[in-house]
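Chain identifiers are assigned alphabetically (A, B, ...) following the order of the sequence lines, protein sequences preceding nucleic acid strands; residue numbering begins at 1 within each chain.
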Number of protein chains: 2
Amino acid sequence: MSDGRSTSAYSGENLLFLTDEQLRQGIEAMFFAYRGFTADPDRILADMAYGRAHHRAIHFIHRAPGTTVNNLLNILGVTKQSLNRVLRTLIAQGLVISKVGKVDKRERHLFLTDEGSRLEQTLSDAQRARMRSAFRDAGPEAVAGFRTVLEAMMDTEMQRAYTRLKETGA
Amino acid sequence: MSDGRSTSAYSGENLLFLTDEQLRQGIEAMFFAYRGFTADPDRILADMAYGRAHHRAIHFIHRAPGTTVNNLLNILGVTKQSLNRVLRTLIAQGLVISKVGKVDKRERHLFLTDEGSRLEQTLSDAQRARMRSAFRDAGPEAVAGFRTVLEAMMDTEMQRAYTRLKETGA
DNA sequence: AGTATACGTCAGTGTTGTTGACATTCCAAC
DNA sequence: GTTGGAATGTCAACAACACTGACGTATACT
């Protein structure tokens, strides 16, 4: 749909994917897809006393074990009061443990307990299943494009956070 | 599929984009990108008494003028009580008008007022600007892939809603 | 000693989601 | 035509989760 027909060398022809209508479709696709993206974990969490905020915290603690509260704050982009409420319940329920830093005793390093890891696994299995199905249906080229556009859509600080995580993980 | 870069004909080679690590990067890309996606309208709305829910309602009323409350409900995926609170303030502030249906008096058809249209324009200009910039940076092929993956990620009902909107708009 | 940083907490507020109860309107069975 | 159920929309109360602002404590840096 984008350009297969644009055989002409005239550059205006190539910009059809930037019309307002195309952009609006992109916006709506993003809206509907994000709903699907969060639907499965939300369903699982609804039965427990947890919500999406807990999922996010668990995800990134799993991804970067030993991360400090401050670091998590920057990644999640919420206030410390908001994160603290979530963290407090997760610690009280024994899903997360917080260890005082060795080199800097002001810092608290966060880790998942075994139970926390199990929940993380359950949640990310559900989310990955949908992502895997979508990726498989779309094919590798589409997936590459998907990632390219999403990265271009982030704020620069988020790009940095994303890239840092990407590198530590791979 | 004709991936130019996958040199091997062995099909297992082609599934590298489905590893758990790749999927997790996709999940995180989605998370960070959605933050950017909503950031600009959120900033504009923060000054007013409105939030993201108001933006969504305004967007889809603009997109499908005369839509009923029930129809909007299905698109937005919230309870009617939740939507009603948002709608009530928008109507009270003169951004939306609700007209009793002619054939079925139970239905209310929703329209933007001139002031509502102005706000919609402001918000969607901001959101489109970011989307346009991301699209332009990524290029037409990446955009096509982006849309393909997002569509595959939606629930089937959402796919229908998305397709219906896409067709009425284009 | 004095300032800055990291973390936790209390109190208050706003948006947005939920459930429950209720009014109005339509339609079909009686 | 009347009645009862289904559909549509409204009002009220409550929960989750974000925000701001202020404060306290422990530790680090200079």
Side-chain angles (χ1 to χ4, degrees), chain A residues 31 34-35 38-39 41-58 61 66-93 96-111, chain B residues 31 34-35 38-39 41-61 66-93 95-111 123:
Chain A
F31 170 70
Y34 196 77
R35 288 256 300 281
T38 57
D42 281 358
R43 252 190 299 276
I44 295 172
L45 290 161
D47 297 334
M48 321 180 183
Y50 305 122
R52 204 175 290 178
H54 301 84
H55 180 200
R56 289 196 287 258
I58 288 175
I61 293 173
T67 185
T68 64
V69 174
N70 217 6
N71 184 28
L72 200 51
L73 235 47
N74 292 327
I75 289 177
L76 295 176
V78 295
T79 60
K80 65 175 177 179
Q81 293 92 328
S82 195
L83 175 59
N84 187 257
R85 177 169 13 85
V86 168
L87 239 36
R88 207 184 328 177
T89 73
L90 289 176
I91 291 171
Q93 307 284 317
V96 168
I97 46 177
S98 127
K99 293 182 180 169
V100 173
K102 282 177 179 165
V103 307
D104 188 335
K105 291 179 186 167
R106 293 172 304 179
E107 295 180 338
R108 301 296 139 87
H109 299 279
L110 303 169
F111 302 87
Chain B
F31 171 70
Y34 197 77
R35 289 257 299 281
T38 57
D42 281 358
R43 253 190 298 276
I44 295 173
L45 289 161
D47 297 335
M48 322 179 181
Y50 305 123
R52 206 175 288 178
H54 300 83
H55 179 198
R56 291 197 285 259
I58 288 175
H59 174 98
F60 286 108
I61 293 173
T67 186
T68 63
V69 173
N70 212 13
N71 183 30
L72 201 50
L73 235 49
N74 293 327
I75 291 177
L76 295 176
V78 296
T79 59
K80 61 181 177 175
Q81 295 90 330
S82 191
L83 174 59
N84 186 257
R85 177 164 16 79
V86 168
L87 241 35
R88 207 185 325 173
T89 72
L90 289 176
I91 291 171
Q93 306 285 317
L95 302 185
V96 168
I97 45 176
S98 126
K99 293 182 182 170
V100 174
K102 282 178 183 167
V103 307
D104 188 335
K105 289 179 186 167
R106 292 172 303 181
E107 296 180 336
R108 301 295 137 89
H109 298 277
L110 303 168
F111 301 88
L123 295 171

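- Across the protein-nucleic acid pair, A/Arg88 atom CZ and C/dC7 atom P stand 16 Å apart, rounded to whole Å.
- Between A/His55 atom NE2 and D/dA16 atom P there is a gap of 19 Å when expressed in whole angstrom units.
- Note on A/Ser82: every side-chain N or O is 4.0 Å or more away from OP1 and OP2 of D/dC17.
- Relative to the side chain of A/Lys80, the nucleotides C/dG8, D/dT10, D/dA18 differ in distance, and C/dG8 lies closest.
- Distance CG/B/Leu73 to CG/B/Leu87: 9.5 Å, rounded to 0.5 Å.
- When heavy atoms are screened at a 4.0 angstrom cut-off, B/Gly77 is found touching no nucleic acid atom at all.
- Put simply, the side chain of A/Arg106 and the base of C/dT5 share a donor and an acceptor less than 3.5 Å apart.
- Heavy-atom distances to DNA chain D give each of B/Asn71 and A/Val78 a nearest nucleotide, and the one nearer the 5′ end belongs to B/Asn71.
- Here B/Arg108 contributes atom CZ and B/Leu72 contributes atom CG; the two are 14.5 Å apart, rounded to the nearest 0.5 Å.
- A/Arg52 places no side-chain N or O within 3.5 Å of a backbone atom of A/Leu45 that could act as its donor or acceptor partner.
- At the phosphate of C/dT16, OP1 or OP2 sits under 4.0 Å from a side-chain N or O atom of B/His54.
- The side-chain hydrogen bond (donor to acceptor under 3.5 Å, both in side chains) with B/Asn71 is formed by just one residue from the set B/Thr68, B/Thr67, B/Asn74; it is B/Thr67.
- Atom CG of A/Leu110 and atom C1' of C/dA6 are 12 Å apart (whole Å).
- Dashed line: the shortest gap from a side-chain N or O of A/Asn84 to OP1 or OP2 of C/dT9 is under 4.0 Å.
- For C/dG20, the base has a donor-acceptor partner in the side chain of B/Gln81 [N/O atoms by modelled type, under 3.5 angstrom].
- Applying the 4.0 Å criterion to OP1 and OP2 of C/dG17, one finds that B/Arg56 has a side-chain N or O inside that range.
- Note on ring orientation: taking the six-membered ring where Trp is involved, the planes of B/Tyr34 and A/Tyr34 are parallel (angle under 30°, cut-offs 30° and 60°).
- Taking atom CG of residue B/Asp104 and atom C1' of nucleotide D/dA7, one finds them 8 Å apart after rounding to whole Å.
- Rounded to a whole Å, the CG atom of B/Leu83 is 12 Å from the C1' atom of D/dT10.
- Rounding to whole angstrom units, CG of residue B/Asn70 and P of D/dA6 are separated by 16 Å.
- Under 3.5 Å, the side chain of A/Arg52 and the base of D/dA16 form no donor-acceptor pair of N or O atoms.
- Residue A/Val103 is in sugar-phosphate contact alone, with no base atom involved, counting any heavy-atom pair closer than 4.0 Å across all strands shown.
- Remark: the A/Arg108 side chain and the C/dG8 base include no donor-acceptor N/O pair separated by less than 3.5 Å.
- Across the protein-nucleic acid pair, A/Lys105 atom NZ and C/dA4 atom P stand 23 Å apart, rounded to whole Å.
- With the nearest nucleotide of DNA chain D identified for both A/Arg85 and B/Thr68, B/Thr68 has the one nearer the 5' end.
- With rounding to whole Å, A/Leu87 atom CG is found 7 Å from C/dG8 atom P.
- Across every non-hydrogen atom of A/Leu76 and A/Arg56, the tightest pair is CD2-CB, 3.8 Å.
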